[in-house]
Undergrad: 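First, the structure itself, so that you have it in front of you.
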Amino acid sequence: MNNDQTPPVSNFIRNIVIRDLETGKHDKIITRFPPEPNGHLHIGHAKSICLNFGIAAEFGGTTNLRFDDTNPLKESEDFAQAIMADVRWLGFEWNELRHASDYFHQLYEYAVYLVKTGKAYVDSQDAESMRSSRGTLTEPGTNSPYRDRSVEENLDLFERMKNGEFADGEHVLRARIDMSSSNMNMRDPAIYRIRKVPHHRTGDEWNIYPMYDWAHGISDAIEGITHSLCTLEFEDHRPLYDWFLENIITDCHPRQIEFARGNLDFTVMSKRKLRELVEEGHVSGWDDPRMPTIAGLRRRGYTARSIRNFWKDAGVAKAESIIPMGVLENAVRSDMNEHAPRVMAVLDPVKVVLTNYPEGESEWLQAPSHPQNPEMGTRSVPLGREIWIERGDFMEDPPRKFFRLRPGGEVRLRNAFIIKCTDVIKDADGNIVEIHCEFDPESRSGLPGAARKVKGTIHWVSVEHALDAEVRLYDRLFNVANPLADKEKDYREFLNPHSLDMVQHAKVEPTVGEGQPGDYYQFERVGYFTIDEDSADSAHPVLNRTVSLRDSWAKLNR
RNA sequence: UGGGACGUGGCCAAGUUGGUUAAGGCACGGGGUUUUGAUCCCCGCAUUCGCAGGUUCGAGUCCUGCCGUCCCAGCCA
């Protein structure tokens with residue numbers, strides 16, 4: 001299957017980079033991943049991370065992690081720390097850690113330069129006036145009455161803005177470009193606003209903070225970025241990005257290239273909505289295993305490798321797309337199939353008594369940790385007279401093609417021997433409480449008799465030795481593919497009430513007790529499960545279902 | 001109804017400066033192996049590239065028109 005060793009996939013950005021290297025425009029590629037520390041990273045950010053770090057690494061270049069921390073109202077060091085942890089967990093290491101705030105002085109000096117060259121002015125209209133004079137999509141804007149202030153006055157005002165002589169909103173520094181531009185971004189965009197609030201890195205040093213457009217391109221130039229990759233909604237900002245770099249003095253002019261975000265169905269991806277889900281308690285936190293956040297996926301059991309492979313498979317292009325959740329699920333299945341040790345666990349247990357097995361005795365069998373990969377070794381699996389099997393693996397009156405246990409029928413116990421159902425014990429209400437079986441000693445794994453063919457093989461766990469586990473069965477967070485499609489209804493109305501199904505007393509093999517949080521297993525015939533961080537007691541582990549196994553039997557019965 | 005962008009099979013997506021059989025993955029269908037109805041292995045799956053014209057010996061690749069979808073009117077990023 002796909003893995004990191006797989007050859008790179010062609011895409012238009014990679015082609016541009018290759019060409020720039022061939023033509024000698026650049027001899028080293030430098031990219032950056034520029035998150036705003038105002039929330040947690042999600043699977044969509046992972047696409048950008050894989051792209052930025054991946055493309056630089058492929059061509060021997062480097063990537064900086066740069067926090068776009070220009071809005072102290074929304075940002076915090078906690079988010080920054082979480083973001084760094086997520087990037088590293090995904091498997092990437094930045095060349096340099098930078099912050100837009102590292103450049104606040106340079107950004108300010110460049111702004112002064114812009115004022116001096118007559119290309120920026122202090123506007124003293126209030127926000128409302130600015131909005132109304134900006135025009136509309138089809139009508140040009142009108143010039144601010146303050147647009148033609150003298151350079152001296154602008155310089156004085158801007159400095160006083162910096163010095164904290166004015167209140168928030170009193171003035172704003174604007175670039176003097178073109179109020180009638182068909183591109184709204186060019187209608188004298190604000191480049192500095194007054195915000196008399198402390199910044200998580202610069203404290204109360206500044207009373208003014210640069211806007212994204214001003215800070216971003218210049219930060220790129222300062223760092224010598226060669227290719228500034230961003231998402232499609234910034235396409236309209238490119239003329240501004242270029243205008244700024246053309247109107248200050250710099251010998252570096254990175255190329256901004258836009259690509260489409262990666263959307264997934266059955267979830268929401270906007271930071272605002274994810275925050276709402278957390279703050280309103282619809283999920284347990286940013287790392288709730290149902291969240292599309294990196295932290296959530298990690299806790300769910302997704303491996304970093306599977307996420308990288310997912311984005312590699314999805315590709316990079318400019319067409320907006322929505323990728324089925326099944327594709328992401330397939331990426332973990334594929335990765336875990338290769339690496340997860342196999343183990344047996346019964347989620348919905350019913351007791352089976354092997355009537356011809358000696359009472360009071362038990363034994364330890366050796367079972368392969370991974371049948372297709374002997375190098376993963378074996379583990380010891382205990383077996384006794386009483387075992388748990390999956391309730392669904394027995395039917396009194398089964399439909400056609402049911403290969404599991406039935407009255408009088410035979411089935412193989414995985415890694416053990418063949419058993420035959422001889423009796424079914426029920427309670428007063430007719431519920432099955434116990435199933436009696438006889439085992440065939442000749443059919444033990446390893447013996448010649450094991451070659452005997454029976455139609456089905458089921459998993460089981462020794463009653464005496466079973467660990468009592470809490471298993472959390474996760475499903476999609478929403479019950480519709482696109483929770484935002486319905487304009488009449490709020491996306492929260494589509495939250496899937498069954499996205500978490502807690503199983504309190506699942507029975508698992510003893511081996512699982514040796515695992516640590518983050519370790520994952522394949523529960524044979526069931527799915528892939530990861531030990532949760534809530535797992536404190538090795539005798540009572542807590543496991544999250546990352547994803548189920550493919551189930552063509554269930555599909556057949558749909 | 002201003003501007004910017006996108007439209008290749010169910011979902012992604014590759015398609016070098018037009019050259020002739022339209023990659024690959026996922027999904028799907030069929031077959032085989034199998035002590036996981038998993039995995040794995042075969043085979044199949046767009047006479048066609050949003051639509052309509054045009055240029056050309058030849059067009060997904062060029063031109064024209066049309067249709068559809070997305071983004072932009074924060075002192076957010």
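Reckoned from all heavy atoms, side chains included, excluding hydrogens, waters and symmetry mates. The chains referred to below are lettered A, B, ... by the order of the sequence lines, with proteins before strands, and numbering in each begins at 1.
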Undergrad: Below 30° counts as parallel, above 60° as perpendicular, anything between as tilted: where do the rings of A:H45 and A:H42 land?
TA: tilted
Undergrad: Separation of A:I191 atom CD1 from B:C76 atom P, in whole Å?
TA: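 Roughly 14 Å, once rounded to whole Å.
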Undergrad: If you check every side-chain atom of A:L137, which of B:A77, B:U36, B:C72 has the closest atom?
TA: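 Minimum distance to the A:L137 side chain belongs to B:C72.
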Undergrad: Counting only Watson-Crick or G-U wobble pairs whose two distances fall under 3.5 Å, which nucleotide matches B:U17?
TA: none
Undergrad: Just compare B:G2, B:C76, B:U39 and give me whichever is closest to any side-chain atom of A:R193.
TA: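 So the side chain of A:R193 is nearest to B:C76.
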Undergrad: Per the atom types in the model, does the base of B:G3 pair as donor or acceptor with the side chain of A:D236 at under 3.5 Å?
TA: yes
Undergrad: So for A:H237 and B:A77, does any side-chain atom that can act as donor or acceptor lie under 3.5 Å from a complementary atom in the base?
TA: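 Counting by modelled atom types and ignoring angles, a donor-acceptor contact under 3.5 Å is found here.
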Undergrad: Check the distance between B:U36's C1' and A:I418's CD1 and give it to me in whole angstrom.
TA: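 Answer to the nearest Å: 16 Å.
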Undergrad: Of the listed nucleotides (B:C26, B:A73, B:U36), which one gets closest to any side-chain atom of A:L549?
TA: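 The answer is B:U36.
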Undergrad: Please determine, for the side chain of A:T138, which listed nucleotide (B:U36, B:G2, B:C12) has the closest atom?
TA: B:G2
Undergrad: Name the residue closer to the 5' end of RNA chain B, choosing between A:A451 and A:K74 according to the nucleotide with the nearest heavy atom.
TA: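 So the residue in question is A:A451.
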Undergrad: For the side chain of A:R134, counting heavy atoms from C-beta on, which of B:A73, B:A14, B:U36 is nearest?
TA: B:A73
Undergrad: State whether A:F259 and A:K318 meet the cation-pi test: NZ (Lys) or CZ (Arg) under 6.0 Å from the six-membered ring centroid, and within 45° of the perpendicular axis.
TA: no
Undergrad: With rounding to the closest Å, how many angstrom separate the C1' atoms on B:A27 and B:A46?
TA: 15 Å
Undergrad: Please determine if a side-chain N or O atom of A:S552 lies less than 4.0 Å away from the OP1 or OP2 oxygen of B:A38.
TA: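 For A:S552, the contact criterion (side-chain N or O under 4.0 Å from OP1 or OP2 of B:A38) is met.
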Undergrad: Distance between the P atoms of B:U39 and B:A22, in whole angstroms?
TA: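 Per the computed distance, 31 Å lies between those P atoms.
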Undergrad: Using the P atom on both, measure B:C51 against B:G60 and round to a whole Å.
TA: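 Roughly 11 Å separates the two P atoms.
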Undergrad: Once you round it to whole Å, what is the distance between C1' of B:G37 and NE2 of A:H459?
TA: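 It works out to 11 Å between those atoms.
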Undergrad: What distance separates A:F104 CZ from A:T202 OG1, expressed to the nearest 0.5 Å?
TA: 5.5 Å
Undergrad: Could you check which of B:C12, B:G37, B:G25 has an atom nearest any side-chain atom of A:D313?
TA: B:G25
Undergrad: Counting side-chain heavy atoms from CB outward, which of B:G37, B:C11, B:A77 is closest to A:R525?
TA: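 The closest nucleotide is B:G37.
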Undergrad: Ignoring the backbone of A:S182, work out which of B:G2, B:C12, B:U36 is nearest its side chain.
TA: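 So the side chain of A:S182 is nearest to B:G2.
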Undergrad: A:F259 CZ to B:C6 P: how many Å, rounded?
TA: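 Interatomic distance, CZ of A:F259 to P of B:C6: 15 Å.
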Undergrad: Could you tell me how far apart A:M336 (CE) and B:A38 (P) are, to the nearest whole angstrom?
TA: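 Interatomic distance, CE of A:M336 to P of B:A38: 19 Å.
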Undergrad: Does a donor on one side chain sit under 3.5 Å from an acceptor on the other, for A:Y103 and A:E223?
TA: yes
Undergrad: Holding to salt bridge (Lys or Arg N to Asp or Glu O under 4.0 Å), I want the full list of residues that pass it with A:D440, two or more places apart in sequence or in another chain.
TA: A:R452
Undergrad: Using a 6.0 Å distance limit plus a 45 degree cone around the ring axis, check whether A:K420 lies over the aromatic ring of A:F439.
TA: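 No cation-pi geometry.
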Undergrad: May I ask you to verify whether the side chain of A:R342 and the base of B:U36 hold a donor-acceptor pair under 3.5 Å?
TA: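 A donor-acceptor contact between them is present.
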Undergrad: Please name the nucleotide paired to B:C75 by Watson-Crick or G-U wobble geometry with both distances under 3.5 Å, or report none.
TA: none
Undergrad: Rounded to the nearest angstrom, tell me the gap between atom CG in A:N330 and atom C1' in B:G10.
TA: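 Value for this atom pair: 16 Å.
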Undergrad: Is it the case that the base of B:U39 and the side chain of A:E338 share a donor-acceptor contact (distance under 3.5 Å, atom types as modelled)?
TA: no
Undergrad: Identify which nucleotide among B:C6, B:A38, B:C75 has an atom closest to any side-chain atom of A:R195, counting heavy atoms from C-beta outward.
TA: B:C75
Undergrad: With both distances under 3.5 angstrom, what nucleotide forms a Watson-Crick or G-U wobble pair with B:C45?
TA: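 B:C45 is unpaired by these criteria.
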Undergrad: Identify whether a stacking contact exists between A:W553 and B:G37, where the ring centres must be under 5.5 Å apart and the planes under 30° apart.
TA: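 Stack criterion met.
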Undergrad: Could you tell me if the ring centre of A:Y521 sits under 6.0 Å from that of A:F529?
TA: no
Undergrad: Where the side chain of A:A319 is defined as all heavy atoms beyond and including C-beta, which of B:A13, B:C76, B:A77 is the nearest nucleotide?
TA: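 The answer is B:A13, which lies nearest to the side chain.
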Undergrad: Separation of A:N71 atom CG from B:G74 atom P, in whole Å?
TA: 16 Å
Undergrad: Hey, is the side chain of A:R404 pairing donor to acceptor with the base of B:G37 inside 3.5 Å?
TA: yes
Undergrad: What is the distance, to the nearest angstrom, from the CD atom on A:E233 to the C1' atom on B:A5?
TA: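 After rounding, the reported distance stands at 12 Å.
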